[in-house]
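What follows is a single structure, written as structure tokens, with notes after it.
Naming convention: chains lettered A, B, ... in sequence-line order (proteins, then strands); numbering from 1 in each chain.
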Amino acid sequence: MRLFEYEAKEVFRRYGIPVPESALIYAPEEAEGAAGKLGYPCVLKAQVLSGGRGKAGLVKVVSNPENTAPVAAGIFDSPAATVDALLVEQAVEPEGEMYLSITVDPLSARALVMASASGGVEIETLAAENPEKILRESFDISSGLLEYQARNIAYSLHLQGGAAKEMVKILMSLYGIFRDLDAELVEINPLFSLPEGTFVAGDAKLILDDNAAGRREGFPLRREYFESEIEYRAAKEGIPYLQFDGDISLMCAGAGLTTTVFDLVHYEGGTVANYLEFGGPNYTRATEAMELCLANPSKVILAVTFGTIARADVMARGLVEALDRLKPDRPIVTCIRGTNEEEAVKILSAAGLQPFFDTEEAVRKAVALAKGGEQ
Amino acid sequence: MRLFEYEAKEVFRRYGIPVPESALIYAPEEAEGAAGKLGYPCVLKAQVLSGGRGKAGLVKVVSNPENTAPVAAGIFDSPAATVDALLVEQAVEPEGEMYLSITVDPLSARALVMASASGGVEIETLAAENPEKILRESFDISSGLLEYQARNIAYSLHLQGGAAKEMVKILMSLYGIFRDLDAELVEINPLFSLPEGTFVAGDAKLILDDNAAGRREGFPLRREYFESEIEYRAAKEGIPYLQFDGDISLMCAGAGLTTTVFDLVHYEGGTVANYLEFGGPNYTRATEAMELCLANPSKVILAVTFGTIARADVMARGLVEALDRLKPDRPIVTCIRGTNEEEAVKILSAAGLQPFFDTEEAVRKAVALAKGGEQ
Amino acid sequence: MSILLDRSTRVLIQGITGKEGTFWTRHMLDLGTRVVAGVTPGKEGESCQGVPVYHTVRRAAEHEAEASLLFVPPRYTKDAVFEALDAGIRTIVTVADGIPLHDALQIRKAALSCGAHIIGGNTSGVISPGKAMMGFFPYWIERVYKTGRLGVMTRSGSLTNEITALAVRAGFGVSTLVGVGGDPVPGCRFSEMLPLYQDDPETEGVLIIGELGGTMEEEAAEALASGVFRKPLLAFVCGVYAPEGKRMGHAGAIVTGGRGTVNGKIRALEKAGALVATRPGMLPGLLNQALGEEKTT
Amino acid sequence: MSILLDRSTRVLIQGITGKEGTFWTRHMLDLGTRVVAGVTPGKEGESCQGVPVYHTVRRAAEHEAEASLLFVPPRYTKDAVFEALDAGIRTIVTVADGIPLHDALQIRKAALSCGAHIIGGNTSGVISPGKAMMGFFPYWIERVYKTGRLGVMTRSGSLTNEITALAVRAGFGVSTLVGVGGDPVPGCRFSEMLPLYQDDPETEGVLIIGELGGTMEEEAAEALASGVFRKPLLAFVCGVYAPEGKRMGHAGAIVTGGRGTVNGKIRALEKAGALVATRPGMLPGLLNQALGEEKTT
């Protein structure tokens with residue numbers, strides 16, 4: 001899970017990484033009071049999880065009380081995203097902007113520290129355009145990051161004296177967060193460098209490993225983490241779900257197969273309303289899965305599976321039960337194969353469904369239906 | 001540093017290792033009240049750091065209120081040791097006595113778990129007499145002890161069901177203590193096994209690495225850790241010191257050289273009053289060192305050094321200053337060599353001392369003086 | 001022949017007495033897998049599907065297992081992997097879905113440093129159809145799994161059944177199928193299996209079932225380009241239309257900053273000389289093109 | 001020749017600008033040691049005793065140091081050792097007294113796993129008299145250090161001066177003296193130095209300066225008994241009268257439960273064919289007995 005900037009900065013603060021003074025507000029009318037306490041100029045930053053906030057107009061500087069509330073209102077009401085909260089932060093006048101992160105390298109099986117004196121842009125852009133400007137230092141996850149490696153980075157960034165020492169501290173703190181919170185990624189971009197040889201984290205990105213949630217401090221699922229109510233519900237149900245705005249609700253099993261069906265819908269000229277997996281541990285939960293699909297204004301539900309443990313007969317029976325309970329207002333196309341698939345065919349046929357056996361055929365049928373073809 | 005049993009058990013309790021209910025008392029008259037609350041029978045255990053408490057009569061069981069205070073008084077007044085406190089513990093009726101410890105193996109550079117179903121005797125005795133009864137499982141200190149290793153031990157101890165699981169928990173807790181407290185040794189001997197498949201630590205031995213004191217929770221030096229006031233003072237001064245009851249106070253530099261002088265005194269038929277090193281970081285502290293020696297009822301002070309960084313001239317000057325300040329009531333024999341030794345000879349001679357240049361000669365002189373020979 | 005696993009491989013099963021362990025042990029035995037022992041702490045002395053059960057891997061030592069299959073929950077997987085490695089086992093399959101990322105790094109590092117093959121997590125396992133299986137595949141559905149000369153490597157489960165069924169329909173069977181799994185840090189990678197397939201006389205070509213995210217397909221392309229692998233290489237890669245930055249399905253299937261895109265993978269594979277399908281229906285044609293008259297055995 | 005260190009060895013000094021570092025760098029240079037660079041974070045660009053200083057070991061790479069001497073406080077020693085190893089340096093001397101025990105284990109483990117020689121902590125270092133020194137020895141006192149053909153290994157500091165002075169008085173000089181140090185877990189052990197002395201044509205015999213505690217003397221005896229070391233071996237072992245269970249001096253010098261006793265060491269050494277002195281005064285006679293006409297060069 002990815003934390004909001006304000007949450008990540010709270011973690012930074014606890015680990016001794018300097019962050020600007022700030023206040024979190026939930027309405028435009030709180031902005032002036034918060035900014036007044038912090039002192040002008042201030043930065044107003046939408047607390048949303050998507051990237052590119054600056055370009056989307058979700059981050060603005062205010063320099064006097066007069067325009068603070070209007071600017072805040074502009075961000076809250078932005079069409080670019082659903083904004084529930086703003087972080088009001090003291091503006092920083094940096095001497096430079098750096099980049100720091102720790103993540104994992106699957107190939108070498110080591111953790112990887114990346115740093116650059118050219119922060120402020122996306123690391124991917126930097127990697128593509130100026131790869132030589134990115135410093136890398138890897139470490140073994142059982143031994144951990146050692147201070148000499150942090151020094152290697154600090155001095156390779158051409159820092160001197162106190163600034164180098166400060167950088168070492170920040171890197172070691174960043175490592176502490178990475179380790180203690182089982183992070184997938186912890187990133188500071190930009191890290192502002194100040195003339196007096198100190199640093200302040202301009203932004204904070206912290207992605208935690210959901211699989212390690214049981215062994216670290218908890219960040220419970222909250223509505224704010226999700227763009228839509230359906231995605232939030234799906235997350236609470238533990239059903240992998242992504243929202244799109246097309247016609248066909250996918251209700252498939254297996255990540256690879258669902259992605260393949262997603263591709264095929266597009267190849268056939270269709271559009272996807274939602275991506276949903278009801279395989280794996282959820283293969284008996286057809287009703288919950290279908291409820292999520294029905295919460296969309298989609299035109300067709302397309303169920304494609306090819307399970308081993310997720311038995312075809314069990315899934316077919318679940319689908320039929322879901323139909324009985326939910327009485328969907330839109331057609332269902334099924335292509336349920338795998339363990340006990342003969343039985344599945346019987347169950348689906350008995351329920352009046354036409355079971356497909358070939359994925360591409362099923363997709364073509366769904367696309368045709370979405371375009372107004374007959375069921 | 002070695003912790004008292006009651007301190008180690010407090011650590012055990014915090015890490016989830018079961019210990020008997022207990023109370024710490026400082027006077028015989030508190031014994032009956034404590035035992036009454038805990039319920040009879042109880043064990044009274046002198047809180048001293050030396051081993052072999054049982055044999056020395058420093059551990060006794062009391063089974064009724066009548067004899068509790070007298071037995072406690074007997075332990076407090078024991079000639080075997082200075083007893084400041086007793087641990088009054090609920091007596092346990094064990095089914096068996098086991099042995100568990102974690103320490104380090106210098107040769108393999110790994111940490112070593114040792115376990116035996118035949119606890120209750122000293123591990124060294126067991127190692128000598130029944131080495132096959134000791135199980136060993138080693139681990140890399142950066143990876144840590146893994147649970148499967150604890151299971152290997154538990155099942156090799158022929159434990160079943162809940163008892164095996166309980167043993168795994170205790171071993172993992174023991175490892176947590178070893179790691180978090182930078183222990184040299186953590187040992188439970190005996191670990192009582194109970195009929196219901198649980199365990200209780202009968203004793204607790206925890207030796208912490210003084211060199212790691214700065215990075216773990218603190219156990220400040222306290223008078224109770226030391227047999228004598230002088231040893232406590234020396235420890236506070238950071239001067240390596242051991243108390244003996246002979247005639248010659250050693251005030252030497254370098255562990256190996258001081259030990260060699262210790263041997264030579266015995267070879268020559270003399271006896272040692274105290275072992276003291278004033279080399280290393282203490283080479284400028286002759287006065288403090290000599291004060292410690294003078295606090296002994298020794299007959300001679302013998303100063304032997306052969307320093308490199310601990311310069312001979314500096315040490316000689318320090319000695320002369322100490323003589324001036326402390327005006328010792330007993331003869332000093334000096335054998336000060338190493339860096340600037342010619343200068344040292346001059347300084348000592350000028351102060352009326354006869355500087356020796358050969359260690360064995362110096363020792364012979366000190367032994368002769370201790371036996372009443374002329375200075 | 002086959003890779004990693006054949007009829008003679010002595011297989012251990014950690015977590016054998018659990019529901020999944022028991023069920024799939026039956027299937028593995030039925031297929032002919034030589035399951036020599038099982039491990040479940042606390043259950044030594046029992047037997048499961050006729051297989052003797054031990055408390056620990058070490059206590060099962062007399063059975064000289066060469067490979068171990070783990071039916072162990074994600075958070076205990078690291079421990080179980082190290083237990084197997086410690087006992088000298090060098091082929092390990094872990095089907096657990098949800099291994100913590102930092103554990104996965106340590107697992108793979110251990111694999112690299114002792115030269116072990118650790119397959120998974122988040123995989124259906126390994127199957128040499130007609131011979132032996134470690135994991136769960138519906139080998140009994142003839143239209144999905146047939147013995148043959150095509151090596152298959154995959155990051156998926158259900159999609160794998162979809163694709164192998166197409167291969168069977170086109171007349172091709174499988175020598176060994178290795179599910180490297182859908183995690184971001186799998187214990188072994190496509191490129192590390194290719195030398196094994198190269199050396200296997202029964203494998204005449206290899207099919208990769210890939211997806212968006214990561215760089216495993218690119219590494220396989222590199223192995224082909226550099227001549228490490230010299231047999232026909234085919235690939236099906238899904239996720240052409242997957243949006244950037246979203247975690248589509250597998251944790252390993254996330255595209256960030258232009259890396260791990262399906263188009264990048266396709267370019268790399270084709271440039272190296274591999275035949276790439278982006279729709280399942282393209283596969284039969286490509287298989288015939290690459291392997292010609294090769295058919296199921 | 002000599003072991004570990006001679007006039008051509010390119011030596012780096014970590015912590016060069018500290019008081020001790022600066023002082024002993026002067027002495028090392030004076031003796032002829034090839035000190036090529038120094039490291040002190042934050043002081044790059046300065047020079048110390050004419051030696052260029054760098055922020056990190058990596059930045060001093062152009063000097064291609066082969067050996068590094070650490071004047072680094074105990075709690076930073078592990079970090080500094082790993083920094084040197086990471087830069088490819090395989091001979092490391094650390095004089096720090098008070099390295100945390102768990103750090104010492106990791107240091108030694110690293111030494112073992114990458115085949116490095118890590119000398120110390122709690123040592124005066126290594127000296128090849130007349131050639132080069134890493135550490136601090138009063139080499140300028142002629143009655144204490146002379147060039148010769150006797151290898152010396154020691155756990156002590158002052159005692160070493162005492163013993164080498166006796167050797168010089170008896171007419172013997174030293175090829176290389178290695179202070180393995182007085183810690184319970186030294187980075188290298190007596191027995192690991194013996195093969196180097198065996199291969200050194202300038203070393204005709206080796207003298208161990210041992211003490212109570214640990215098993216290093218016993219391991220050296222084993223190396224002699226098994227033929228790994230085949231030159232004359234002598235030993236001086238102190239602590240015959242040391243009481244059991246007390247930490248006498250060095251942290252490594254503690255006898256527990258009958259292990260590490262001086263008498264046990266003497267028995268093991270004598271049984272293996274070594275000549276053992278328990279009083280310094282015995283040494284000259286034993287040296288003459290073992291090395292006959294060998295004298296200082």
Side-chain angles (χ1 to χ4, degrees), chain B residues 50-51 104-111 122-125 127-128 140-142 178-179 182-184 209-215 240 242 244 252-267 272 275 277 279-281 304-310 337-339 341 358-360, chain D residues 20 74-75 97-109 111-112 124 136-138 141 144 154-162 165 182 184-186 189 209 211-212 214-216 219 236 238-243 245-253 256-259 278-281:
Chain B
S50 47
V104 306
D105 175 30
L107 187 55
S108 67
R110 290 167 71 86
E122 281 202 12
I123 188 69
E124 292 84 3
T125 312
D140 182 294
I141 206 156
S142 16
F178 176 78
R179 175 195 59 206
D182 267 279
E184 293 178 12
D209 176 13
D210 295 335
N211 292 335
R215 68 184 185 194
L242 293 172
F244 296 97
C252 303
L257 186 53
T258 311
T259 304
T260 301
V261 172
F262 186 96
D263 282 350
L264 287 171
V265 167
H266 287 90
Y267 281 126
V272 170
Y275 171 106
E277 284 180 53
V304 179
T305 77
F306 210 134
T308 304
I309 293 180
R337 290 120 342 135
T339 306
E341 56 191 15
D358 180 275
T359 301
E360 300 208 20
Chain D
E20 297 291 314
R75 56 176 291 218
D97 179 6
I99 299 172
L101 181 68
H102 291 202
D103 286 6
L105 276 191
Q106 289 176 270
I107 289 168
R108 175 160 164 81
K109 183 203 142 201
L112 291 175
S124 306
F136 35 80
F137 297 89
I141 311 182
V144 184
T154 177
R155 295 166 67 182
S156 299
S158 302
L159 177 58
T160 305
N161 293 337
E162 171 92 24
V185 181
R189 304 174 70 81
I209 305 174
E211 61 187 26
L212 65 157
T215 57
M216 282 206 292
E219 295 154 25
F236 170 78
C238 71
V240 172
Y241 285 94
K246 296 244 182 191
R247 182 172 287 187
M248 194 109 164
H250 292 131
T256 46
R259 287 184 76 223
T278 46
R279 298 175 63 144

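Proximity to chain B (any heavy atom under 4.5 Å) is shown, for D/Ala104, by neither the backbone nor the side chain. Both the backbone and the side chain of D/Val240 come within contact range of chain B, with heavy atoms under 4.5 Å apart. In this structure, no portion of D/Arg75 lies under 4.5 Å from any heavy atom of chain B. Using a 4.5 Å cut-off between heavy atoms, D/Asp103 contacts chain B through both its backbone and its side chain. Contacts of D/Pro280 with chain B are made by both backbone and side-chain atoms, with heavy-atom separations under 4.5 Å. Proximity to chain B is limited to the backbone of D/Ile99, based on heavy atoms less than 4.5 angstrom apart. Interface remark: D/Phe137 contributes backbone atoms only to the contact with chain B (heavy atom separation under 4.5 Å).
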Before giving the answer on side chain to side chain donor-acceptor pair (under 3.5 Å), spell out for D/Thr278 and B/Asp263 the whole-Å C-alpha distance, their side-chain angles and the decisive distance to 0.1 Å. CA-CA 9 Å; D/Thr278 46; B/Asp263 282 350; over 6 Å; no

Let me see the working for D/Glu211 and B/Thr259 under side chain to side chain donor-acceptor pair (under 3.5 Å), right down to the final yes or no. CA-CA 8 Å; D/Glu211 61 187 26; B/Thr259 304; 5.6 Å; no

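Judged as a side-chain contact (heavy atoms from CB on, under 4.5 Å), and not counting sequence neighbours, the contacts of D/Leu112 are B/Ala109, D/Arg108, D/Glu192. Partners of B/Ser108 according to the side-chain contact (heavy atoms from CB on, under 4.5 Å) rule, which considers only residues two or more places apart in sequence or in another chain, are B/Asp105, B/Arg110.
Counting heavy-atom pairs under 4.5 Å between each of D/Lys109, D/Met216, D/Glu20 and chain B puts D/Lys109 at the top.
Using bins of under 30°, 30° to 60° and over 60° for the plane-to-plane angle, the ring pair D/Tyr241/B/Tyr267 lands in the perpendicular bin.
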